[in-house]
Student: 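For reference, the structure I am asking about is given below.
Letters A, B, ... mirror the listed sequences (proteins, then strands); counts begin at 1.
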Number of protein chains: 2
Amino acid sequence: MHTMSLSHAILTALLDEDLTGYALAKQFDVSLGFFWQASHQQIYRELKGLHLAGRVNVEEVPQHGKPDKRVYSLTTLGRDMLESWIVDSTRARGAKDELFIKLFNVGSVPVKQITLAIEQRKAEHTRKLELYRKIEMRNYTSPLTLPDRKKGVYLSLLAGIRQEQTALIWCDDALDLLTTVRSNPKVKG
Amino acid sequence: MHTMSLSHAILTALLDEDLTGYALAKQFDVSLGFFWQASHQQIYRELKGLHLAGRVNVEEVPQHGKPDKRVYSLTTLGRDMLESWIVDSTRARGAKDELFIKLFNVGSVPVKQITLAIEQRKAEHTRKLELYRKIEMRNYTSPLTLPDRKKGVYLSLLAGIRQEQTALIWCDDALDLLTTVRSNPKVKG
DNA sequence: AATTTTTATGCAATTAGTTGCATATAGCTC
DNA sequence: GAGCTATATGCAACTAATTGCATAAAAATT
C-alpha cells in the first residue's frame with residue numbers, strides 16, 4: 001500500500017539535500033508545507049519509521065550541549081519507494097473545508113457569524129497570496145528558463161497563487177450574496 | 001475545544017431534516033460530502049457519540065427483517081453546539097494535496113509519471129465540474145431568488161465550480177510547461 | 001542581566017480517519 | 001435461480017494526525 005503521504009513528502013524533501021528532522025520541519029513550514037503540513041513531532045516519528053524500513057540513512061553528528069544532530073539522506077530503497085508511489089498512488093484525499101459546512105447553516109444561524117467566518121478566511125487568503133507572490137517574484141519570474149528540477153516547484157506555487165485568487169474573488173461574491181439574507185430563524189421550518 | 005468537525009457536519013445535515021445514519025451517509029455522498037467526506041462507519045460512530053452527549057435524539061423505528069431504523073434529530077444542545085462552533089472555530093485544516101508533492105519530484109523522476117498524474121487529476125476535475133454544473137442547472141439557476149437557507153448551499157457549490165475551473169486551467173498550463181522538461185536524472189546532482 | 005527566539009530532539013495521550021469484516025432482507029436484473 | 005444492488009446497522013483493528021509535554025543550550029534581543 002502506498003498510502004502514507006507524509007513519508008513521501010519527507011523523501012521528496014530529501015531529494016535535494018540531506019536534512020535533519022528539525023531542518024525538515026522548517027522546510028515544511030516554508031515550501032512543501034504549503035501543500036502538506038506536518039508538525040515536527042510527526043516528522044521525527046516518520047523519520048524513525050523510514051529509517052527502520054531502510055528508506056533513509058542517518059548520520060549522527062555529535063554536538064556539545066544540544067542533542068546530537070541526526071542528518072537523514074535518501075537510500076536507493078527510498079528513491080524507489082518514492083518513484084513507485086508517484087506511479088501508482090491515485091487516492092484523492094477528499095477536500096475537507098469547514099467553511100462550507102458553516103455555509104450550509106445559512107438560514108438557521110445568524111448570518112453575521114458566517115460572514116465573519118468568510119471575512120476571516122478572506123484575510124487568510126490575502127496573506128497567503130501575498131506570501132506566494134513574494135516567493136514568485138524572488139525566485140520564479142521566468143518559468144521557462146528555470147532548471148527542470150525547479151519547474152515542478154514553480155507549478156505548485158502557481159497552483160497556490162491561482163487557488164488563492166479564486167478563493168478571494170469567491171469570498172467577495174459570497175459576502176455580497178449574504179447581504180441579501182435577512183432572517184435568522186433558529187427553529188426548524 | 002470545538003475541533004471535531006465531522007460531528008458539526010452531521011449536526012448541520014440534521015438542520016433540515018431528521019435522518020438515519022444510512023441516510024446521512026448518502027447525504028454526505030451527494031452534497032455535504034463534496035466538502036467533507038465521511039464513511040458510514042465514521043458516521044455511525046459519531047452519531048453514537050453525539051447521542052451520548054445529548055446533541056441528538058434517537059427515535060427507534062422497528063422494521064421487520066432489516067435492522068431497526070434509528071432516526072436522529074437535533075436537540076437544543078446540538079443546535080447550541082453548532083452555533084457556538086460557527087462562532088469560535090477558526091482552525092484552518094491545512095491543505096493536503098499529494099499532487100503537489102509529486103510535482104516537487106520533477107527533475108528527479110521521469111516526467112512522464114508526473115504528467116500522467118496531472119492528466120488523471122484533470123479527468124477528475126472535469127468529472128466534478130460536470131457534476132456541479134448539473135446540480136447548478138437543476139437547482140440554482142437564480143441565486144438571488146433562492147430562499148435564504150439555500151443560499152449557503154449555493155455558495156458552496158459556486159466555490160466548488162470555481163475551484164474546479166481554476167484547477168482545470170492549471171492542469172493544462174502545467175502539462176504545457178512540463179513538455180519543456182527533457183532530462184530525468186535519477187541521481188542527486 | 002533577564003527574556004525570548006532558535007536550534008535540536010523526542011515521548012505520551014488523544015482524536016480522527018481508514019479498511020476490513022459481519023449481518024440480514026428485499027427487490028431487481030440476467 | 002443466481003447474482004447484484006439497495007437498505008440498515010455496526011465492531012475491530014489499524015494508520016494517521018494533533019496536542020501537550022519535556023529537555024537543553026546557544027544566540028539574539030531588550
Student: Given the side-chain rings of Tyr44(A) and Tyr22(A), with only the six-membered ring counted for Trp, is the space between their centroids under 6.0 Å?
Tutor: no
Student: Rounded to whole Å, please give me the gap between NZ in Lys48(A) and C1' in dT15(D).
Tutor: 17 Å
Student: Does the side chain of Thr20(B) get closer than 4.0 angstrom to OP1 or OP2 of dT9(D) through an N or O atom?
Tutor: yes
Student: 5'-most contact on DNA chain C: Glu46(B) or His40(A), nearest heavy atom basis?
Tutor: His40(A)
Student: Check the orientation of His8(B) and Trp85(B). Use parallel for under 30°, tilted for 30 to 60°, and perpendicular for over 60°.
Tutor: parallel
Student: Check whether any side-chain N or O of Lys26(A) sits under 4.0 Å from OP1 or OP2 of dT7(C), and answer yes or no.
Tutor: yes
Student: Can you check the Tyr22(B) OH to dT5(D) C1' distance for me, whole Å?
Tutor: 9 Å
Student: Rounded off to whole Å, could you give me the CG-to-P distance for the Asp68(B) and dA24(C) pair?
Tutor: 14 Å
Student: Pick the closest DNA chain D nucleotide for Arg45(B) and for Gly21(B) by heavy atoms, then say which residue is nearer the 5' end.
Tutor: Gly21(B)
Student: For Gln42(B) and Arg70(A), take the nucleotide of DNA chain C holding the closest heavy atom to each; which residue's nucleotide lies nearer the 5' end?
Tutor: Arg70(A)
Student: Measure CD/Glu60(B) against C1'/dG10(D) and give the value in whole Å, please.
Tutor: 13 Å
Student: Where the side chain of Tyr72(A) is concerned, which of dT18(C), dA8(D), dG10(C) is the nearest nucleotide?
Tutor: dG10(C)
Student: Rounded to whole Å, how long is the line connecting atom CG of Leu47(A) with atom P of dG10(C)?
Tutor: 9 Å
Student: Would you kindly give the OH-to-P distance between Tyr44(B) and dG10(D), to the nearest whole Å?
Tutor: 7 Å
Student: Flag the pair Asp148(A) and Lys151(A) as a salt bridge only when some basic side-chain nitrogen lies within less than 4.0 angstrom of an acidic carboxylate oxygen.
Tutor: yes
Student: Could you give the NZ-to-C1' distance, from Lys96(A) to dT15(C), as a whole number of Å?
Tutor: 13 Å
Student: Please verify the inter-ring angle class for Phe100(A) with Trp170(A); under 30° counts as parallel, over 60° as perpendicular, anything in between as tilted.
Tutor: perpendicular
Student: Once you apply a heavy-atom cut-off of 4.0 Å, does Gln41(A) come out as touching a base, just sugar-phosphate, or nothing?
Tutor: base
Student: Could you verify whether a donor N or O on one side chain and an acceptor N or O on the other, from Lys96(B) and Ser5(A), lie under 3.5 Å apart?
Tutor: no
Student: When the distance from CD of Gln37(A) to C1' of dT18(D) is rounded to whole Å, what number comes out?
Tutor: 12 Å
